[in-house]
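Below, read A as the first sequence line, B as the second, and so on, with proteins coming before strands; counting in each chain starts at 1.
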Amino acid sequence: MLDQRLLRDDPALISGQLARRGIEIDLTGLQSIAIQERNLQEQRSDLQAEGNRIGKAVGQQIQAGASPDGPEVRDLRDQGNRIKQQVAGLEEEEKVLEARLREQLLTLPNLPDPRVPEGHSEADNVEVSTWGTPRRPTPGETLQEHWQIAERLGLLDSGERSVRIAQSRFVTLLGQGARLERALIAFMLDRHTARGYTEVMPPILVNSASLTGSGQLPKFAEESFKCADDDLWLTPTAEVPITSLHRDEVIPAEKLPLKYVAHTPCFRREAGSYGRDTRGLIRLHQFNKVELYWFCHPEQSQAAHERLTRDAEGVLEALDLPYRRIELCGGDLGFSAARTYDLEVWLAGAGAYREISSCSTCADFQARRSAIRFKEGKKTQLLHTLNGSGLAIGRTMAALLEAGQQGDGSVSLPAALVPYMGGIDRLSSPG
RNA sequence: GGAGAGGUGGCCGAGUGGUUGAAGGCGCAGCACUGGAAAUGCUGUAUAGGGGCAACUUUAUCGAGGGUUCGAAUCCCUCCCUCUCCGCCA
């Protein structure tokens with residue numbers, strides 16, 4: 001959520017910044033609501049002060065011996081009643097304005113960081129760096145895509161059974177496939193906790209206040225699965241429960257930064273992606289993800305963003321997976337993000353880079369929605385939140401299968417994973 | 001799901017409808033005492049919003065929302081949550 005003070009003082013600055021996301025919006029109407037609301041509040045609180053004085057005077061007179069039904073007291077009571085009615089009227093107006101203001105404010109995305117490159121779409125994103133050498137087929141060699149390899153090796157159900165169990169865009173991992181998923185989760189959690197992250201296993205059903213706090217509601221309700229009988233949703237990312245881990249809290253400055261890592265299943269409706277990535281592990285309604293999350297001091301957030309991104313990149317490097325770092329342009333930024341690096345892993349079979357992690361700083365946007373502050377000396381102010389995948393498990397598995405495929409049909413695994421696979425360094429045909 | 005108890009400041013805990021943002025204690029901070037510390041004493045110690053350069057001032061907040069009243073932590077209604085016992089259950 002954006003700062004109301006900024007809205008009152010300089011709405012043009014906000015619309016100027018939002019234009020960098022490709023959003024054209026005139027905020028003068030919203031500004032005048034904010035200012036009106038403020039004026040009403042001022043009038044009302046003055047009246048209430050007057051009412052409080054009268055109330056006290058009544059008490060004093062009665063204690064001084066005046067009759068509760070005497071003329072002086074009755075006169076004061078009448079005054080009190082008049083004020084009460086006026087206050088009630090003002091309060092009602094104020095509430096209406098406040099609700100309208102908040103409702104609209106919640107739909108406005110974060111302001112892009114000044115360093116974010118200009119651009120309208122994915123095509124304008126900027127490649128920042130690359131790591132490793134993408135595997136290309138040698139002459140005469142055909143590299144398979146991960147779903148072909150996985151089905152051949154019996155690592156996952158070809159689809160029919162998962163549809164029977166649930167629907168399309170769900171998978172069932174089997175045998176070494178399930179083992180590899182578990183190994184990747186454990187490997188990443190171990191790696192990040194060794195680097196100072198605190199492991200958390202949060203609820204993965206979250207209430208609507210939590211989704212609002214991190215920015216998924218109210219605008220993106222159609223992206224999440226909702227429980228019919230409760231105010232609970234399947235979390236689309238661990239970012240949601242972790243943000244709310246400290247919702248409405250004031251954290252002592254010396255405790256910052258708080259760094260968390262969580263493995264959770266994630267659930268997304270993927271509305272509007274019909275026909276895209278229908279096979280394999282790339283785009284599913286349910287997938288596993290290890291998420292990195294920082295709560296930090298505003299002055300540290302830029303450095304924290306680099307650190308968090310490096311921590312995600314470190315996983316790819318440890319797994320020998322070539323990747324590149326992309327900085328998203330203004331037009332491609334997510335709703336809550338002020339600045340985002342996407343990490344794209346090389347998929348050898350598909351012959352393309354594919355997003356495997358998105359590392360964002362949200363500045364104080366989520367902190368304001370969620371009322372997460374820190375206290376430094378006497379001062380309490382909003383902190384900054386950052387999040388990034390470290391990494392998406394299914395897509396990591398896809399990249400590993402495609403990168404490690406051998407001429408004999410087996411798949412070799414990177415050394416780092418071997419201990420997590422019970423000593424196995426190769427997945428081979430079940431027979 | 002059934003029965004009961006309860007939700008007050010960072011924590012514990014008092015609070016008869018009348019100047020209560022709330023006694024007392026703990027904790028924390030500052031000062032004094034000390035060679036230093038402990039102990040002791042004194043002072044201070046919530047959040048959010050408005051006005052003011054500031055000192056300061058004002059409004060709201062005792063789980064949430066309504067109501068009664070000139071005035072509500074205190075009375076009434078609704079809801080939420082927590083705890084205990086029972087039932088069910090991984």
Chemist: For G6(B), which nucleotide in any strand shown is its Watson-Crick or wobble partner with both distances under 3.5 Å?
Modeler: C81(B)
Chemist: More 5' along RNA chain B: L76(A) or K375(A), using each one's nearest nucleotide?
Modeler: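 Mapping each residue to its closest nucleotide by heavy atoms, the 5'-most match is K375(A).
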Chemist: Regarding R100(A) and E103(A), does a basic nitrogen lie under 4.0 Å from an acidic carboxylate oxygen?
Modeler: no
Chemist: Taking the same atom, C1', in C62(B) and in A48(B), what whole-Å distance lies between them?
Modeler: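 Their C1' atoms lie roughly 16 Å apart.
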Chemist: Roughly how far apart, to the nearest Å, are U19(B) and A37(B) at atom C1'?
Modeler: 45 Å
Chemist: With rounding to whole Å, what would you report as the distance between U45(B) and A54(B) at their C1' atoms?
Modeler: 22 Å
Chemist: Between F374(A) and H297(A), how do the two ring planes meet: parallel, tilted or perpendicular, split at 30° and 60°?
Modeler: tilted
Chemist: At under 4.0 Å between heavy atoms, what does R373(A) touch on the DNA or RNA strands: base, sugar-phosphate, or nothing?
Modeler: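 The residue R373(A) makes sugar-phosphate contact but no base contact.
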Chemist: Is K95(A) close enough to A60(B) that one of its side-chain N or O atoms is under 4.0 Å from OP1 or OP2 there?
Modeler: no
Chemist: For salt bridge (Lys or Arg N to Asp or Glu O under 4.0 Å), just list the numbers for E118(A) and R20(A), CA-CA rounded to whole Å, side-chain angles, deciding distance to a tenth of an Å, and then say yes or no.
Modeler: CA-CA 7 Å; E118(A) 300 298 323; R20(A) 302 183 57 214; 2.9 Å; yes
Chemist: For L40(A) and U59(B), what is the distance between atoms CG and P respectively, to the nearest whole Å?
Modeler: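 Whole-Å distance recorded here is 18 Å.
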Chemist: In whole angstrom, give me the gap between the C1' atoms of U47(B) and U43(B).
Modeler: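 Their C1' atoms lie roughly 23 Å apart.
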Chemist: Between atom CZ in R247(A) and atom C1' in U47(B), what is the gap in whole Å?
Modeler: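 Nearest whole value for this atom pair: 18 Å.
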Chemist: What does D78(A) touch in the nucleic acid at a heavy-atom separation under 4.0 angstrom: a base, only the sugar-phosphate, or nothing?
Modeler: nothing
Chemist: Just to be sure I understand the rule, does R8(A) reach a base, reach only the sugar-phosphate, or reach nothing, if contact means heavy atoms closer than 4.0 Å?
Modeler: sugar-phosphate
Chemist: With nearest nucleotide decided by heavy atoms, which residue, R38(A) or I62(A), maps closer to the 5′ end of RNA chain B?
Modeler: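 The residue closer to the strand's 5' end, by nearest nucleotide, is I62(A).
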Chemist: Whole Å only: how far is the CG atom of L382(A) from the C1' atom of U47(B)?
Modeler: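 Going from L382(A) (CG) to U47(B) (C1'), I get 14 Å.
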Chemist: Could you give the distance separating A73(B) and U8(B) at their C1' atoms, to the nearest angstrom?
Modeler: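 The same atom, C1', in both gives a distance of 7 Å.
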Chemist: Checking base pairs now: Watson-Crick or wobble, both atom distances under 3.5 Å. What partners A32(B)?
Modeler: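 Pairing partner: U40(B).
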Chemist: With a 3.5 angstrom cut-off on both distances, give the Watson-Crick or G-U wobble partner of A73(B), or none if there isn't one.
Modeler: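 A73(B) is unpaired by these criteria.
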Chemist: State which of U69(B), A46(B), G50(B) makes the closest approach to the side chain of K84(A).
Modeler: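 Selected nucleotide (nearest to the side chain): U69(B).
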Chemist: Over how many whole Å does the gap from E98(A) atom CD to G50(B) atom P extend?
Modeler: 12 Å
Chemist: Output the rounded distance in Å from CZ (R5(A)) to C1' (G49(B)).
Modeler: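 Rounding to the nearest Å, CZ of R5(A) and C1' of G49(B) are 9 Å apart.
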Chemist: Of all the choices, G18(B), U59(B), G49(B), which nucleotide is nearest to the side chain of Q41(A) once you look at every atom?
Modeler: G49(B)
Chemist: Under a 3.5 Å cut-off for both distances, is U68(B) Watson-Crick or wobble paired, and to whom?
Modeler: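 Result: none.
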Chemist: Give the nucleotide from the list G49(B), U19(B), G66(B) with an atom nearest to the side chain of S45(A).
Modeler: G49(B)
Chemist: Under 4.0 Å between a Lys/Arg side-chain N and an Asp/Glu carboxylate O for R354(A) and D277(A)?
Modeler: yes
Chemist: Between atom CG in L90(A) and atom C1' in G50(B), what is the gap in whole Å?
Modeler: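 Those two atoms, CG and C1', are 14 Å apart.
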Chemist: What contact category does R53(A) fall into here, base, sugar-phosphate, or nothing, at under 4.0 angstrom with non-hydrogen atoms?
Modeler: nothing
Chemist: Applying a 3.5 Å limit to both distances, which nucleotide forms a Watson-Crick or G-U wobble pair with G87(B)?
Modeler: none
Chemist: Provide the Watson-Crick or G-U wobble partner of C62(B), both distances under 3.5 Å; none if there is no partner.
Modeler: none
Chemist: Counting Watson-Crick and G-U wobble pairs only, both distances under 3.5 Å, name the nucleotide matched with A22(B), or none.
Modeler: none
Chemist: For Q48(A), report the nucleic acid contact type (base, sugar-phosphate, nothing); a contact means any heavy atom under 4.0 Å.
Modeler: sugar-phosphate
Chemist: Please report the shortest heavy-atom distance between G330(A) and V116(A), naming the atom on each side.
Modeler: N-CG1, 3.4 Å
Chemist: Can you check the distance between G17(B) and A72(B), where both ends of the measurement are the P atom (answer in whole Å)?
Modeler: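 Comparing P positions in G17(B) and A72(B) gives a spacing of 14 Å.
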Chemist: Mind calculating the distance between CG (D75(A)) and P (G71(B)) to the nearest angstrom?
Modeler: 15 Å
Chemist: Cut-off 3.5 Å, no hydrogens considered: what does the side-chain donor-acceptor table look like for residues 256-264 of chain A, sequence neighbours left out?
Modeler:
{"residue": "K259(A)", "atom": "NZ", "partner": "R195(A)", "partner atom": "O", "Å": "3.3"}
{"residue": "Y260(A)", "atom": "OH", "partner": "H246(A)", "partner atom": "NE2", "Å": "2.7"}
{"residue": "H263(A)", "atom": "NE2", "partner": "N288(A)", "partner atom": "OD1", "Å": "2.8"}

Chemist: Kindly point out which of A48(B), G66(B), G50(B) is positioned nearest to the side chain of E42(A)?
Modeler: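 Output: G50(B).
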Chemist: Inspect the contact between R310(A) and E313(A) and indicate whether a charged nitrogen and a carboxylate oxygen are less than 4.0 angstrom apart.
Modeler: yes
Chemist: Could you list the residues that satisfy side chain to side chain contact (heavy atoms under 4.5 Å, CB included) with D75(A), not counting sequence neighbours?
Modeler: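 D75(A) satisfies side chain to side chain contact (heavy atoms under 4.5 Å, CB included) with Q79(A) once adjacent residues are dropped.
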Chemist: Roughly how far apart, to the nearest Å, are G52(B) and U61(B) at atom P?
Modeler: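 Going atom to atom, P in each nucleotide, I get 24 Å.
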Chemist: Taking the same atom, C1', in C77(B) and in G2(B), what whole-Å distance lies between them?
Modeler: 24 Å
Chemist: Using purine N1 to pyrimidine N3 plus N6-O4 or O6-N4 for Watson-Crick, or N1-O2 and O6-N3 for G-U wobble, both under 3.5 Å, which nucleotide pairs with U16(B)?
Modeler: none
Chemist: Nearest whole Å is fine: how far is U69(B) P from N52(A) CG?
Modeler: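 That distance rounds to 17 Å.
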